[in-house]
Each structure stands twice: as C-alpha cells, then as structure tokens.
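Below: one structure, written as structure tokens.
Everything numeric in this text was worked out from a predicted model, so none of it was measured.
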Amino acid sequence: GPTPRCILLIITNALVGYRCGRFGFITFKEPLSGFVSFQRSVSSSRPPDTSLFVPLTIKSDVGSDGDVGAELTQPLDKSELLKILNKFYKRKEMQKLASDHGLDARLFHQAFISFRKYVLENSNLSADLHIILNDLCCGAGHIDDLYPYFMRHAKQIFPMLDCMDDLRKISDLRVPANWYPEARAIQRKVIFHAGPTNSGKTHHAILRYLAAKSAVYCGPLKLLAHEIFEKSNNAGVPCDLVTGEERTFVDAEGRQADHVACTIEMCSVTTPYEVAVIDEIQMIRDLSRGWAWTRALLGLCAEEIHVCGEPAAVNFVRELMYTTGEEVEVRNYKRLTPFSILDQAVESLDNLRPGDCIVCFSKNDIYSISRQIEIRGLECAVIYGSLPPGTKLSQAKKFNDPQDPCKILVATDAIGMGLNLSIKRIIFNSLVKPSMNEKGEKQMDTISTSQALQIAGRAGRFSSIFKEGEVTTMHREDLPILKEILSRTVEVIETAGLHPTADQIEMFAYHLPDATLSNLIDIFVSLSQVDGLYFVCNIDDFKFLADMIQHIPLNLRSRYVFCTAPINKKQPFVCTSFLKFARQFSRDEPLTFDWVCRHVHWPLVQPMNIKDLVHLEAVHDVLDLYLWLRNAVCLKSIIQMGVRNITRLIRATETSAPSMTDPVPNQKRLAQSPISFRKIRRLPKAQDIIEEGEPLDRSLGSRLVQEGLLTPDLLRQLQMEWSKVHQDEERGVKLVAGTLNDKTKGRKKKK
C-alpha cells in the first residue's frame, strides 16, 4: 500500500540531497489542492518561434542514490503509469500552466512525448519522481503533482526555456549605435553627397579623402576599392588595399599607410581617421549585405563621414544620425550628362550600333546573345557578376578602346557600379530579374526604379566619348513598361540591415551549448528585437554553410568565421572545396598553396565549351576562397598566439630563405604569407611550411612585417624577448646540470 507521502518525501530529500520544497528552478508554496504555484518573470516581448526549438535527448539517470524509490516503495506498474501519464496530458489546467511558463502547444506535446518515454523506459528513476508515481498508481496523490517533474524534464530537453530572458537580452538589436563606443566618444560630422549616377558625387568625396591626413574608403566592390587604391597612389597619397581576399601595403617595411581603400565589410570601426567615405549608401537596405553599411555608418571612428548615394536615402540617414546625436549636411548633385529614353525598341540584333550595351539578367541569355552577335561577324565584350575582377576590367578596356574592333558589350547589371564604360545606348533585353525575398526564397520580379536608373545611368558618361546617352529595350512590348518604371519616384529607404555578431552568437551558445550553429542563428533571429529603423539581414547562405560543416569538429568561433565566407553555393565544386578546407583545418593539417593547386588540378587547360568556362570560374572562386580564409582565419591566429610561439618561429626560420620561381601567374599573391592554414590555437612549424613547398623568398620576420602582421618595432621587441627567454632557458639548463653534477659528486663521496 501507499506510504505516507510526507514521510517518504522527507526521507527522500535527505537521501538524495534535495532541499525540502525546491525542485530545480521551481519554488513550492503550499500544495493545498495539488496545484503548484510558480514565480517567474515572463517577458512582454513577442513569443518566440518554438518550431526552432530542437529537443535534446535525456540520458537515463544512473544516480548515486541508486534505486532508492523502489526500495522505499515498490516497483512501478508500466501499464498503470501509461494511464496516469495520458490523463496528465489531457488536463487543460496543466496545458494552460505550462503555456504560462513558455511551453506552447507544440512544445508541450514534444515535452510530454519525451517525458512519457523517459518514465516508461527508464528503470532507474529519481527517488522523488518514483515516489510520486507510486502514490498516483496507488490512488494516494493528485495527477497535478506530476507537473513539477514534467517541467523539470521539459527544461532539460528545452534548455532555452530556463534562460529565455537572458537570450532576449542578448538578441536585443534595438540600439545598434551603442555597439560602437569609439564612434560615440567623438562628435562626427556627416556629409551626404546625394545625386544620380554620373553626377560627380563620389568624385567630390574622394577629393576630400585625398586631402585628409588619414582616411578610409569603403566601397561595395573589390573593383571600386582597387580603383581608389590606384587613384590615391597615383596622386602621391600612399594608400593600402584591404579586401576579403587581399592585403596590399605600399610601405616596403609593412607599416600601414594613413589611407586605406577597402570593401565595406573589411573596414575597421576601431581605427581613428580624419575622413571616411561610404559609397553607395542606398545598399544599406540590401537584404543580404545591408548590415555592412549600417556598421560603417554607425561605427566608423572618423571626424568626417562622407556618405555617397541616392537622394532617396537622405531622410533615412538623417533619422539614423538623430539616434547618435549627429547632424547631416546634404550636398546635392545633378547628372553631368543627360540620357534620353528612345521611342523605338531595337527588336533585332541586326540593328546594333557601336557603343551599344545589351543588359541581361541571366547568364544563359549572355551566352546566347553573344553567340548570335558573333555569328553576325561582330565582336563583343562580355561582363557578368561571377567573372573575376581582372577579367571584367580587361573586357571593359577592350570595349572602351577606340582602336579595338570590339564595339558591342553584353552584360548583366554588374555594370551598374564599379566600371567606367563608354556606352552610347543601353538596351534592356529583359525587365525581369531573379531576386530573393525576405524569407530567402527566389522569385522573379520586375526591376525597381532604383535598379533601372542605376543601369540606365551608365549610358553617356562625362569622361567618355559619348556625352549623351540613350536607353531603350530589345523587345517592343517592354518599352512602355521601362518608361513607366523610369518615370516613378525612387522608393525611399526606410530600414537598415543588421546581422548577429560572433560575440552575440557565442553568448547564445553559452546558454545553449548543445545547439547547432544553424539552430543558434535561427533562435537568435526569432527572439531578436529591432525597432522600426532596422531589419535582420537574410541568413540563408550563412545557415547553408553552417549545415554543410556541422559534422566537422570546429570550435564555435572558427565555425562562425567559415560560415561568413563569400562563396557561390550554386557551384558544387566550390562547395566541395569549402568542405575540404574546413576538414583540413579541423585536422590541424597545413593547407598550403601547393595543396590547393593539387586540388584544382593545376595547370588548367583552355576552356573548350561553356561547361569548361563555368568550371574555370569555379576554380577562380576556390582560389578566392583560399585567400579569404587565409586572411580571415590565419591572421586571427597571430592575434591569439603567445609571444613565445612567434618568437621561436621567427628564430627557427630567420636563416631559411629558399628561392623558388612562381609556377603560375599571381601565385606570389596567393602564397605570399608563409603561414600555413592551421587551427587558430597555434602557428605552423617552420618545417611544415618548407616541406609543403611554400615559397619563402626572405625571412619569416620580414615577411610578417611586409604582410602588416607585425610592425618593425614589435618584431624587435619580440626578438629581444626571445633572446631573454633563450638565455633564461640556457641558465636553467646549466643550473639543472650543475645540480645533477653536485648530486653525483655527493654520491661518489658517500660511496
């Protein structure tokens, strides 16, 4: 029969160490009618998307108390237990109580299934739960007495329920301006250069950039960063180049220049500058990359912030700067050369003229049209997004050259920014473009007014031979639609993108250590709170990479860095290479340029068809990925390594300088860093590098300086510290040797 519950619970609590009246996070009050009251603060924020909560598997308790419950009572009847559990599940009061504490209908059902399985399949339940179940089987308790134990189990399989308030605080994105204390510590002057394409707005901002003592240019494309890098150095203003794949320092000693041109994702928000230039500010609303413009605008630590972009962004930038207490000065510009919309469509490729540019939104259309043009005996240049930057520049140069027979250009909207082209007439082959919606789903949409103006504005540039531009369509039925699109007012910008940082995700992982990175991101976005000025950028690409490498053992920070890699997920060869890079890295094996060459089967052969060309583009993407990861991962290792490791490495390789001939063009840039691609926790050994055939044309110390990873002063300091460490080690060895000597002499004397 049933043992009195109060006596059993007192005995049980004494045996298993529970404090009377407290079960985990649950505080009991008077259990008069079998109900239990709970004290917990419930956030007034919107409820989370519980479909993202993945239940954990609970292992059987093999507790130190053994099977105390069975010893104090009796073995449980499984069939009777099943009836009791199902009865508990059907209790509306229990469902309501659970809902008040974070378990909606979905989670309540999942938690109950797990709890039922745990109770029925576990032969060694905790003593307190065993006693309660025994009482219920014997008719001596109330079914609601199971609730505390059910909730304890639910908190174990859904650990986020127990820290929801902390998770909400971490994912609170309502005041991103406060993320940048260096910028908030100074009063910045914000100047907005507003105007359409070919209005000279960026030119005026760059003039101030060149005149400043120190400055940073932040552009959306590598091509634009390269252009400013070259323009600055040609003007006698030393300028460094920083992109995801490349670091170029103009100083031979590796000292950083006062000016830097970078892609916007790579800008530093802690380095102080006199002037900062943010180009194409309208991209702050981009669903994928908008966060980078938000970060630059709010975080750059510069006395003057020069913002360049469409007038549609002026009021929004003013509103953002209002949150930082900074005023915005607006300078308006008009287009330097006019363009007109023609009344007739081209209709046939036979009607093409020199200076024509046919704009397509599909790579297949690019191939098809360029082939038809060549069949007609005309030469054409081709530019599209996935072409390497160098190839785009060479195609643009070919098209712009008055002496070259190539007078026709076939391109995607990649010409919208980053290239100076001598175009007389823009011809839209189509007005429908594939895009991603807010849910990350691909859809076909008619181009926006902003996009149409960006492309049409390439016709007739101030610096080209065509002072006036023309715009039309290939097909007659598209022309009235184009006219209607261009007649609209550009949609004003109302929101800016945000993206969770590595630090925020690490704090999330602290509370949810068993969740995958993809799941952490999902829960973060679900719980995130943003005000009306912001939105969370699309994270599908990030999650795609996170899921791809989930099975590879990596620490969270390394996993996050890998998942921010800019890769084309449509290319199977690039995805396979990404997976191999991550696996090699996780094994702590060096990933050198020779290894990459073997992977891509260098040397490559000339493409014989479109399939070969697409593969070559993928190979280029793989090499770009190698460079990006080298900078993103390997350079972080230098920040985190100990002084002892680097000084020993410098000393070990100071005299090793074998000379090698570059086997392929650009290998010097690809392999310029002698640091093998290794796990963040340590640097590679010098012999690993030499065995892998990594070219070392001078000492490692000087190469680290050239790479900008060390300053000359820091190098000298490290060498001095190494000398001191080495001397201490030698003294220690002599001291030990002397002690051993004395002991040996002592033994001989005793003998």
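- Remark: the backbone N or O of Lys397 is not paired with any side-chain donor or acceptor of Asn400 at under 3.5 angstrom.
- Atom CZ of Arg376 has more than 12 neighbouring heavy atoms from other residues, nucleotides or ligands inside a 6.0 Å radius.
- Although no hydrogens or angles enter the test, the distance criterion places no donor-acceptor pair under 3.5 Å between the side chain of Lys569 and the main chain of Cys575.
- The two residues Asn233 and Cys239 come nearest to each other via the heavy atoms OD1-N, 3.0 Å.
- Judged by distance alone, with hydrogens and angles left aside, the side-chain atoms of Ser232 form no donor-acceptor pair with the main-chain N or O of Phe229 at under 3.5 Å.
- Of all the heavy atoms in Phe399 and Ile423, the pair that sits closest is CE2-CG1, 3.8 Å.
- With contacts defined as side-chain heavy-atom distances shorter than 4.5 Å, the pair Ile549/Cys563 qualifies.
- Using a 30° and 60° split on the angle between ring planes, Phe562 and Phe585 fall in the tilted class, from 30° to 60°.
- Aromatic ring orientation, Tyr626 versus Phe581: perpendicular (interplanar angle above 60°, classes split at 30° and 60°).
- Closest approach of Asp356 to Arg425, counting heavy atoms only: OD2-NH2, 2.6 Å.
- A 4.5 Å side-chain heavy-atom check between Trp595 and Gln584 finds at least one atom pair inside the cut-off.
- Without hydrogens or angle criteria, Gln451 side chain to Ser448 main chain gives a donor-acceptor distance under 3.5 Å.
- Taking the side chain as every heavy atom from C-beta outward, Tyr560 and Leu556 never approach each other to under 4.5 Å.
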Check your understanding: Where do Ser450 and Glu310 land on the side chain to side chain donor-acceptor pair (under 3.5 Å) test, with the steps shown first?
Key -> CA-CA 9 Å; Ser450 176; Glu310 297 176 358; 2.6 Å; yes
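- Of the possible polar contacts, none joining the His306 side chain to the Tyr209 backbone as a donor-acceptor pair under 3.5 Å is found.
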Exercise for review: With salt bridge (charged side-chain N to carboxylate O under 4.0 Å, His left out) as the test, would you mind laying out the steps for Lys363 and Glu617 before giving the verdict?
Suggested key: CA-CA 13 Å; Lys363 196 186 291 187; Glu617 292 171 7; 3.2 Å; yes
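- A donor-acceptor pair is defined here as one N or O able to donate and one able to accept, closer than 3.5 Å; no such pair exists between the side chain of Gln395 and the backbone of Ala381.
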Practice item. Would you check, one step at a time, whether the test side chain to side chain contact (heavy atoms under 4.5 Å, CB included) holds for Ile369 with Ile373? Key: CA-CA 6 Å; Ile369 290 175; Ile373 291 173; 3.9 Å; yes
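- The aromatic rings of His599 and Phe573 sit parallel to each other, their planes meeting at less than 30°, with 60° as the upper class boundary.
- Side-chain atoms of Lys407 come within 3.5 Å of backbone N or O of Asp404 as a donor-acceptor pair.
- Between Ile505 and Ile521 the shortest side-chain heavy-atom distance falls below 4.5 Å.
- No side-chain heavy atom of Cys357 sits under 4.5 Å from any side-chain heavy atom of Arg458.
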Practice item. Test side chain to side chain contact (heavy atoms under 4.5 Å, CB included) on Gln256 and Phe249 and set out the steps. Key: CA-CA 6 Å; Gln256 294 185 5; Phe249 297 90; 3.7 Å; yes
Practice item. Dump the intermediate steps for side chain to side chain contact (heavy atoms under 4.5 Å, CB included) on Phe428 and Ile455, then the final yes or no. Key: CA-CA 9 Å; Phe428 284 88; Ile455 298 167; 3.8 Å; yes
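- Side-chain atoms of Ser368 and Gln372 form a donor-acceptor pair, as typed in the model, at a separation below 3.5 Å.
- Here the closest non-hydrogen pair linking Met548 and His551 is O-CE1, 3.2 Å.
- Side-chain contact annotation: Ser518 with Gln550, donor-acceptor N/O pair under 3.5 Å absent.
- Of all the heavy atoms in Pro220 and Met283, the pair that sits closest is CB-SD, 3.9 Å.
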**Study point:** Derivation of the side chain to side chain contact (heavy atoms under 4.5 Å, CB included) call for Asp594 and Arg598
**Key:** CA-CA 6 Å; Asp594 286 347; Arg598 291 194 297 270; 3.9 Å; yes
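- Nearest heavy atom pair, residue Ala276 against residue Leu300, reads CB-CD1, 3.8 Å.
- Between Glu379 and Lys398, at least one side-chain nitrogen of the basic residue sits less than 4.0 Å from a carboxylate oxygen of the acidic one, meeting the salt-bridge criterion.
- Ser430 contributes a side-chain N or O that, together with a main-chain N or O of Val432, makes up a donor-acceptor pair within less than 3.5 Å.
- Counting heavy atoms from C-beta on, the side chains of Tyr384 and Cys360 never come closer than 4.5 Å.
- Asp413 places no side-chain N or O within 3.5 Å of a backbone atom of Gly416 that could act as its donor or acceptor partner.
- Using a 4.5 Å heavy-atom threshold, the side chains of Trp293 and Cys218 count as separate.
- With respect to the salt-bridge test (charged N to carboxylate O, under 4.0 angstrom), the residues Asp624 and Lys222 qualify.
- The shortest side-chain heavy-atom distance between Asp240 and Arg247 does not fall under the 4.5 Å cut-off.
- At least one donor-acceptor pair under 3.5 Å links the side chain of Arg295 to the backbone N or O of Cys267.
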